There are 2 protein chains.
Amino acid sequence: MAVRGAARPTKADVARLAKVSTATVSYVLNNVEGQRISPQTRAAVRDAADRLGYRPNLAARNLAVGGSGVVLYIVPRIALGELPMEVGSRLTTALARHGIVLSLQFETDDDRNVIDAVTDLDPAAVTSVFPLTGAALAAVSARGIPQIHLGSAQLRAMGALHLSIGELRIGHLAERGHRRIAFAHSDIDRLRPLGDYWLEGLRIATRARGMPDLEVATFATDGTGAADQVRTLVDDGVTAVCAQSDETAFVVLHGLRQAGLRCPEDLAVMGVDARPLGAVSGPPLTSVGFDARVIVEVSVAAMMAELGYPTEHDPGIEHVATLIQREST
Amino acid sequence: MAVRGAARPTKADVARLAKVSTATVSYVLNNVEGQRISPQTRAAVRDAADRLGYRPNLAARNLAVGGSGVVLYIVPRIALGELPMEVGSRLTTALARHGIVLSLQFETDDDRNVIDAVTDLDPAAVTSVFPLTGAALAAVSARGIPQIHLGSAQLRAMGALHLSIGELRIGHLAERGHRRIAFAHSDIDRLRPLGDYWLEGLRIATRARGMPDLEVATFATDGTGAADQVRTLVDDGVTAVCAQSDETAFVVLHGLRQAGLRCPEDLAVMGVDARPLGAVSGPPLTSVGFDARVIVEVSVAAMMAELGYPTEHDPGIEHVATLIQREST
DNA sequence: CTGTTAGCGCATTCAC
DNA sequence: GTGAATGCGCTAACAG
């Protein structure tokens with residue numbers, strides 16, 4: 001049990017209590033390789049350390065190693081479910097354990113905050129879910145700061161997620177007799193790559209079943225023109241649409257209501273993301289829910305590895321996604 | 001291994017360029033009182049500093065002043081619109097300008113991450129929108145770390161927000177002939193205080209107009225039982241409901257659709273928060289949008305002041321809220 | 001194997 | 001007014 005006095009114990013205190021030198025303390029606490037230290041000394045140090053509730057002073061450590069001890073995490077502004085925030089959250093605690101603090105930066109139009117943060121905080125690295133672009137990218141690479149992002153490369157590594165999701169969705173729709181299916185893209189540019197990623201999985205699934213290729217439509221986030229688009233789709237003989245995300249699915253649903261069409265009778269709609277709001281949309285939305293835990297773990301592990309803190313634990317990749325059947329299909 | 005850009009200039013570099021001592025640099029750059037420095041020297045230092053693009057090394061500064069340079073910001077887990085995140089975001093950049101980094105911590109059931117962060121990062125303060133509770137509170141106060149939160153005290157200071165919002169909503173409904181109005185609470189405990197806060201404002205507004213007191217109903221977030229509740233309300237003669245938030249309003253809308261009732265004919269629904277999704281709900285939701293900028297500014301200013309970085313600029317409190325009329329009323 | 005020591009960059013006394 | 005000197009707590013060479 002740590003006794004909390006006024007001042008935090010320093011490495012010197014630990015050394016004194018363990019009756020060794022500060023260097024030794026440093027070695028055992030940092031698990032420095034190439035130093036052979038007797039198990040008992042090691043134990044003594046460890047004991048003294050947590051007897052005192054010792055925690056290294058980050059400022060001092062950073063000063064000594066010449067780093068800032070800060071890593072930036074850029075959060076996309078667009079609603080992409082809770083995942084990015086979840087990843088950020090987990091990353092925060094995972095890194096804190098290593099004494100480095102994660103500074104979340106939310107995307108803005110001008111990337112100003114990112115640029116400021118880069119110059120003010122001098123981060124050791126910049127992490128993000130999507131690759132940086134524009135001014136932020138320029139600022140970061142100008143300073144030679146390593147950037148780490150979780151592109152579809154990692155997603156692919158994640159058991160070819162798009163394939164299993166695609167199969168899951170198309171399978172569900174095919175079972176219900178749908179053959180002509182459309183894909184609803186978001187009109188947010190930034191999300192395009194993600195949409196394309198899902199689309200690819202869907203395409204492969206339809207092809208495997210000898211179904212006609214998917215039609216593609218892009219829906220405006222604010223619902224503008226959705227009714228007309230939906231009507232066109234239905235007139236073309238499309239009977240179901242797979243949206244790029246639940247958000248986009250909501251827009252399609254909106255279009256259906258505006259057009260006076262019924263869901264799923266006239267057009268079935270399916271999202272992917274399983275946001276809580278899907279339970280109360282009109283009608284409640286069928287979607288596929290991710291096991292956030294697994295995805296987050298993979299992401300965090302990848303980033304930690306990239307940052308030089310490899311995680312020994314490689315989480316299993318099974319069952320990352322499950323169908324959530326509601327009334328829209 | 002990426003080659004970092006040119007080494008950062010240090011205070012010594014600036015001193016050399018400005019032909020003064022490092023102490024002088026420190027004085028002018030930190031605007032130290034009680035030191036009389038010639039304007040020209042001052043100018044020379046400033047010039048040299050930004051000529052070199054000098055930024056102080058945070059680790060070194062923190063070491064010298066004995067602080068960690070980290071402040072925690074606890075983000076409530078519940079969906080409360082974008083505001084808390086927005087506040088966190090702004091706080092991040094505002095503090096970064098002062099060389100302190102904000103570490104966002106998301107609430108969890110066990111408060112484990114907060115406790116860990118407190119011991120690992122040794123923050124100078126802990127900020128949050130709501131007061132801390134439970135284990136997190138214990139950990140923070142045990143260490144005597146100052147906590148700063150934005151309770152309804154500040155909200156009230158913010159021009160009695162609940163009153164103006166209440167008046168705005170009731171006024172809108174009254175204009176449309178509604179007299180019997182209900183309030184829809186969220187079933188999330190954590191949100192209760194916020195709901196009560198809004199409710200109080202609504203009550204005062206109805207009373208002022210001699211309208212009957214509001215009925216209160218609590219809706220489950222997942223939509224369970226919403227249809228019955230809505231039906232009961234309508235049977236009771238209620239013609240409009242003010243929800244605690246847009247989220248809750250969506251649940252009411254869901255109940256209406258399930259019950260086969262029309263909105264706004266059978267029951268008008270009004271949210272507060274103006275989330276983007278409101279544009280594509282069924283029907284699109286009337287709500288009141290906050291001028292996030294103002295609220296965030298007030299919050300951030302209050303927190304900065306509390307943290308010892310008073311902001312000279314006291315943002316005006318006018319027009320923090322505007323009615324967003326859509327089809328649900 | 002373990003102790004000593006020299007900085008890391010900055011804020012802050014204290015002489016000049 | 002300004003410059004030199006100290007020390008913050010820690011890491012990493014270098015001795016021993």
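Because the structure is predicted, anything quoted here is derived from the model rather than measured. Labels below follow one simple rule: chain letters A, B, ... track the order of the sequence lines, proteins then strands, and each chain is numbered from 1.
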Handout entry: Minimum-distance nucleotide (side-chain atoms of A:Lys11 versus C:dA11, C:dC14, D:dT11)
Key = D:dT11
Handout entry: B:Ala60 vs B:Thr24, nearer the 5' end of DNA chain D by closest nucleotide
Key = B:Thr24
Problem - DNA chain C: 5'-proximal contact among B:Ala59 and B:Ala23 (nearest heavy atom) - result: B:Ala59
Problem - Nearest listed nucleotide, side chain of A:Leu63, among C:dT4, C:dA11, C:dG9 - result: C:dG9
Problem - B:Ser26 side-chain N/O to C:dC10 phosphate OP1/OP2 under 4.0 Å - result: no
Exercise for the section: Indicate whether OP1 or OP2 belonging to D:dC8 is found under 4.0 Å from a side-chain N or O atom of B:Asn62. Expected result: no
Problem - Under-4.0 Å side-chain N/O to phosphate OP1/OP2 contact, B:Tyr54 with C:dC10 - result: yes
Handout entry: Side chains of B:Thr92 and B:Ser89, donor plus acceptor under 3.5 Å
Key = no
Problem - Interatomic distance where CG belongs to B:Asn57 and C1' belongs to C:dC10 [whole Å] - result: 8 Å
Handout entry: Set of salt bridge (Lys or Arg N to Asp or Glu O under 4.0 Å) partners for A:Arg61, sequence neighbours left out
Key = none
Problem - Interatomic distance where CZ belongs to B:Arg16 and P belongs to C:dC10 [whole Å] - result: 12 Å
Problem - Shortest non-hydrogen separation from A:Pro123 to A:Val71 and the atoms involved - result: CB-CA, 4.4 Å
Handout entry: Nearest-nucleotide 5' precedence on DNA chain D, B:Thr22 against A:Ala12
Key = B:Thr22
Handout entry: A:Leu58 side chain reached by B:Leu121 side chain, heavy atoms, under 4.5 Å
Key = yes
Exercise for the section: Using a cut-off of strictly less than 4.0 Å, decide whether B:Ser21 has a side-chain nitrogen or oxygen near OP1 or OP2 of D:dG3. Expected result: yes
